[in-house]
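Below is one structure, written out as structure tokens; comments come after it.
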Amino acid sequence: MSLRFTKMHGLGNDFVVIDAINQKIDLAREQIRQLADRRFGIGCDQLLLVEPPREAGVDFTYRIFNADGGEVAQCGNGARCFARFVRDKGLIDRDTIAVATAAGRMTLRIEPDGQVTVNMGVPHFAPADVPFEADAPAERYALQVGDETLGMGAVSLGNPHAVLEVDNIDTAPVERLGPLIEAHPRFPRRVNAGFMQILDAGHIRLRVYERGAGETLACGSGACAAVVVGRQQGRLGDKVEVTLPGGTLQIQWQGGDSPVLMTGPATTVFEGNIQVQG
Ligand SMILES: N[C@H](CCC[C@H](N)C(=O)O)C(=O)O
């Protein structure tokens with residue numbers, strides 16, 4: 001099967017984006033893994049499918065697959081690239097776009113300066129919503145990892161996030177602790193692990209070891225998760241600059257049942273065609 005794709009990134013979190021409206025797409029998990037492979041395939045952190053709407057009130061269906069081939073329900077950096085893609089491809093002629101994901105609906109807005117603002121929806125802290133095994137909701141949980149007890153917040157932005165505060169992300173043991181947290185048995189669907197360094201109430205630094213992809217240069221939903229956990233803990237304000245290895249995102253959250261807004265860039269790198277085996 002010949003597949004037309006577009007390679008994009010949001011602050012270095014990179015994607016293979018596929019128009020599944022004008023192409024017939026039926027990819028098995030192993031084929032997605034091959035496409036995401038940085039030596040045997042195109043290479044990406046996630047593969048994004050642009051599909052027709054399946055419900056009233058949305059313009060598209062937005063599907064997300066991690067590099068390990070697993071389908072997930074949220075990708076913030078991917079949502080910005082999704083908006084840029086459908087606009088540049090002429091699949092829509094509006095700058096405000098409604099999409100349905102497996103986690104619900106999101107509104108994407110292309111700003112006059114070319115950045116994209118995503119309404120990421122309301123964060124969910126109830127353990128069952130993350131999902132995370134805990135007796136009761138808390139701002140900070142104790143997680144036993146080997147012989148270490150880690151303090152962390154847990155929240156869902158449509159996908160599960162654990163957020164730990166560290167003194168300095170440059171020296172944080174992301175490579176060692178990331179995989180252990182990702183696969184921790186108290187996260188029955190695994191988890192994205194964020195390592196947050198708070199500079200002040202309006203600025204944090206962040207590294208994220210992503211579920212199904214490993215450490216990425218940026219994680220949009222991870223940036224949102226870190227801000228809402230930090231604000232719940234009384235450490236962050238309503239508007240926070242999140243500086244990741246790949247660049248900076250603007251995150252806004254007024255608390256409670258208000259939605260989280262994320263603003264950042266979306267970049268198209270190249271277009272291509274590939275023969276998919278199998
Ligand atoms: N690894 C994530 C999906 C991609 C999230 C990230 N790339 C973003 O920008 O939000 C998960 O398994 O939930």
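Just so you know, ligand 1 is whichever comes first in the structure, and atom 1 is the first atom listed for that ligand.
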Of the side chain and backbone of [X], name the one, both, or neither that has a heavy atom under 4.0 Å from an atom of ligand 1.
{"X": "N77", "value": "both"}
{"X": "N192", "value": "side chain"}
{"X": "N66", "value": "side chain"}

Can you name the atoms of ligand 1, numbered from 1 with element, that are less than 4.0 Å from a heavy atom of [X]?
{"X": "Q74", "value": "3 (C), 4 (C), 5 (C)"}
{"X": "C219", "value": "6 (C), 8 (C), 9 (O), 10 (O)"}
{"X": "V72", "value": "3 (C), 12 (O)"}
{"X": "N159", "value": "2 (C), 11 (C), 13 (O)"}

### Query
Contact between T216 and ligand 1, counting heavy atoms under 4.0 Å?
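Contact check T216 vs ligand 1: negative.
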### Message
Tell me whether ligand 1 is touched by G212 - counting only heavy atoms on the residue side and a distance under 4.0 Å.
### Response
no
Hey, is [atom1] on [X] packed in by over 12 heavy atoms from elsewhere, all under 6.0 Å?
{"X": "D135", "atom1": "CG", "value": "no"}
{"X": "R235", "atom1": "CZ", "value": "no"}
{"X": "N273", "atom1": "CG", "value": "yes"}

### F82 ring center near F60 ring center (under 6.0 Å)
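They qualify: ring centres under 6.0 Å apart.
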Top protein contact for [atom], by heavy-atom distance:
{"atom": "atom 10 (O) of ligand 1", "value": "S221 OG, 2.6 Å"}
{"atom": "atom 5 (C) of ligand 1", "value": "E210 OE1, 3.4 Å"}
{"atom": "atom 7 (N) of ligand 1", "value": "N13 OD1, 2.8 Å"}
{"atom": "atom 9 (O) of ligand 1", "value": "G220 N, 2.8 Å"}

State, with a plain yes or no, whether a side-chain heavy atom of [X] is found less than 4.5 Å away from one of [Y].
{"X": "Q252", "Y": "Q250", "answer": "no"}
{"X": "F40", "Y": "R33", "answer": "no"}
{"X": "M8", "Y": "F85", "answer": "yes"}

### Query
Does a side chain donor of either Q115 or T263 reach within less than 3.5 Å of an acceptor in the other side chain?
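Q115 vs T263: no donor-acceptor pair found between side chains.
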Should [X] be counted as touching ligand 1, given the test is an N or O pair under 3.5 Å?
{"X": "G76", "result": "yes"}
{"X": "I64", "result": "no"}
{"X": "Q46", "result": "yes"}

### Summary
Nearest heavy-atom contact between A103 and G158 is CB-CA, 3.7 Å
### Query
What heavy-atom pair brings E165 and R140 nearest, and what distance separates the two atoms?
OE1-NH2, 4.5 Å
